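These notes are about the structure you will find just below.
The basis for the numbers below is simple: all heavy atoms, side chains too, and nothing from hydrogens, waters or symmetry mates. Labels below follow one simple rule: chain letters A, B, ... track the order of the sequence lines, proteins then strands, and each chain is numbered from 1. Bear in mind the structure is a predicted one, so any value in this text is a computation, not a measurement.
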Number of protein chains: 2
Amino acid sequence: MTPAAATPPAAPNRRERVRAATIEEIKRTALDLIRETGTVDIQFTAIARAMGLTAPALYRYFADRGELLTALVADSFNDLAATLDTARASVAPDDLGGRLLAACQAYRHWAAGDPERFALIFGVPVPGYTAPHEGPTTEAAHRAMSNLAGLVLDTARAGRLRPPAVTQVSEQFAELAGRKAHTEMGGGGMTPEIYQGMLVTWAALHGFVALEAHGHFHWMEPAVRDELFVAHVRAVAGITGLVAP
Amino acid sequence: MTPAAATPPAAPNRRERVRAATIEEIKRTALDLIRETGTVDIQFTAIARAMGLTAPALYRYFADRGELLTALVADSFNDLAATLDTARASVAPDDLGGRLLAACQAYRHWAAGDPERFALIFGVPVPGYTAPHEGPTTEAAHRAMSNLAGLVLDTARAGRLRPPAVTQVSEQFAELAGRKAHTEMGGGGMTPEIYQGMLVTWAALHGFVALEAHGHFHWMEPAVRDELFVAHVRAVAGITGLVAP
DNA sequence: CATAACAGTTATGAGGCGTAACTTTTCTTA
DNA sequence: TAAGAAAAGTTACGCCTCATAACTGTTATG
């Protein structure tokens with residue numbers, strides 16, 4: 001309550017900066033260990049050791065393992081979303097097929113290059129992790145979806161969107177699509193059929209990415225996987241009616 | 001080296017039967033605990049407690065946690081494969097669309113009803129689990145694939161297989177498909193295009209199942225998810241040229 | 001410069017994994 | 001059927017991890 005208490009908003013104290021840096025270092029070290037050990041079961045002790053600290057020191061920054069896990073999940077969300085956006089934006093706006101492929105490849109490579117992190121977001125919760133079953137978990141699907149939705153809207157605006165592969169839509173789904181289409185996206189030209197196609201496309205894409213990230217396609221040489229993935233993207237693009245690469 | 005040592009092959013001693021039963025009980029208890037806690041990180045101690053034993057007793061049956069995990073994975077494989085076969089066989093052979101849908105639904109419900117077990121097979125390895133990166137992991141894809149292949153061959157034999165959605169096949173993939181088609185399946189009428197379509201269909205199907213099993217579709221009501229899944233199967237059936245349900 | 005906030009340490013307890021040594025039960029067989 | 005081998009299960013133990021408590025040093029701030 002001192003009169004000079006007007007510094008909480010815009011004052012990155014030196015103290016606070018070094019603290020933030022330490023937090024970053026902890027998270028980075030944790031990710032390194034996760035990648036090294038190939039498991040998502042991080043050990044506070046190991047992190048501290050790698051940083052030249054003792055374990056209890058970490059409790060100054062994270063209340064427990066679960067909190068650290070939660071932070072890692074949140075970061076992964078942001079990282080993935082940013083990666084997808086960057087990839088999509090790296091291709092000329094009128095090259096719709098190229099934009100789709102770029103975003104899909106980014107998704108794929110992000111997952112394959114960091115399977116544990118991918119599992120952290122899209123897999124089952126881990127031991128100490130207080131599964132926020134309605135929080136970031138569903139947000140993952142939504143963010144990835146919104147990226148895809150952007151592509152669909154762009155394609156529709158360009159007048160190049162073809163009809164989706166499946167035109168039968170149940171009443172119940174149409175009702176949901178009507179709600180979602182208006183609240184989540186512009187809604188310009190979004191029909192239940194297209195919304196359904198988008199969900200199917202996104203799920204189908206996810207399947208390839210998940211299988212490959214977890215090693216179930218390792219019986220194919222990488223070059224062959226690459227080609228197959230392009231075919232996969234072509235196929236799933238057709239489901240929504242997007243321009244295939 | 002006693003003369004009466006001619007009983008090792010066909011002699012399920014009472015000893016051995018009760019031992020086998022105990023092993024089954026351990027695995028069953030482990031699965032129960034996995035489902036209860038929602039994590040795949042089983043605790044030997046907890047299993048023993050639930051069985052009214054002390055922890056070291058379990059080491060008579062499994063060398064360590066990893067070995068138990070491995071056994072659970074193997075069992076899950078067999079269970080899933082059997083479930084799929086049963087489901088497919090439960091529909092009249094001439095109802096090709098029905099057979100496809102039945103197998104897909106079986107896959108889906110198996111995963112959604114037992115997400116941890118699903119993750120055990122298709123997710124990342126767990127702490128104590130000595131990742132057999134070339135063993136059961138790849139076998140998972142193969143078994144699920146062979147079930148799908150059976151459907152494709154049936155459809156082709158019935159003369160109802162339509163051309164796959166994507167007909168562009170890279171040379172490298174065609175070469176691989178040529179090898180696989182002959183070694184793994186009868187090869188009757190299997191072209192690289194169809195083989196590619198099968199892989200894409202299977203991956204696409206897996207995507208929906210994985211997302212739903214891990215709760216990423218929980219923002220939809222179950223009934224809506226049901227309808228969407230049917231649409232999904234219709235779409236992915238078209239990729240290979242199968243008869244849609 | 002005094003003092004409050006913070007970072008980090010050692011000490012400690014609870015609990016899990018896995019091994020060793022011992023006891024009890026069960027089967028085999030002479 | 002009685003003796004002994006084999007297997008099942010127990011207690012005791014060492015090591016490691018998580019997490020908390022109590023203490024020491026350091027840094028910013030009046």
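A heavy-atom distance below 4.5 Å is not found between the side chains of A:Ile42 and A:Leu33.
When the P atom of D:dT27 is taken as reference, atom CZ of A:Arg19 falls 16 Å away, rounded to whole Å. Between the CD1 atom of A:Ile23 and the P atom of C:dC6 there is a distance of 13 Å, rounded to whole Å. Rounding to whole angstrom units, CG of residue B:Asp64 and P of C:dT19 are separated by 8 Å. Between the C1' atom of D:dA8 and the CD1 atom of B:Ile26 lies a distance of 11 Å, rounded to the nearest Å. As rounded to whole Å, 12 Å separates atom C1' of C:dG16 from atom CD of A:Gln43. Atom CD in A:Glu67 sits roughly 15 Å away from atom P in D:dC18 (whole-Å rounding). Straight-line distance from the CG atom of B:Leu69 to the P atom of C:dG18: 11 Å, rounded to whole Å. For A:Leu53 and C:dA7, the CG to C1' distance is 9 Å, given to the nearest whole Å.
Checking side-chain atoms of B:Arg88 against main-chain N and O of B:Ala103 turns up no donor-acceptor pair under 3.5 Å. With hydrogens and angles disregarded, no donor-acceptor distance shorter than 3.5 Å links the side chain of B:Thr29 to the backbone of B:Ile47.
Closest contact between the side chain of B:Phe44 and the listed nucleotides C:dC17, C:dC22, D:dC18 involves C:dC17. Among the nucleotides C:dA7, C:dT19, D:dA19, the one closest to any side-chain atom of B:Pro56 is C:dT19. When distances run from any side-chain atom of B:Arg15 to the nucleotides D:dT20, D:dA6, C:dA7, the shortest one goes to D:dA6. With C:dG18, C:dT9, D:dT10 as the choices, the nucleotide that has an atom nearest any side-chain atom of A:Thr54 turns out to be C:dT9. With distances taken from any side-chain atom of A:Arg60 to the nucleotides D:dC18, C:dA7, D:dA19, the minimum falls on C:dA7.
Between A:Thr22 and B:Ala46, the residue anchored closer to the 5' end of DNA chain C is A:Thr22, taking for each the nucleotide with the nearest heavy atom. Place A:Arg49 and A:Ala63 on DNA chain D by their nearest nucleotides, and A:Arg49 ends up nearer the 5' end.
Look at B:Thr45 and you'll find a side-chain N or O under 4.0 angstrom from OP1 or OP2 of C:dC17. Here B:Tyr61 reaches the OP1 or OP2 of D:dG9: one of its side-chain N or O atoms lies under 4.0 Å away.
Contact detail for A:His216 and B:Ile121: the closest heavy-atom pair is CE1-O, 3.5 Å.
For B:Arg65 against C:dG18, a side-chain-to-base donor-acceptor contact under 3.5 Å is absent.
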### Task
Step by step, work out the ring-ring contact (aromatic ring centres under 6.0 Å, His included) result for A:Phe62 and A:Phe44.
CA-CA 10 Å; A:Phe62 296 95; A:Phe44 251 46; 7.3 Å; no
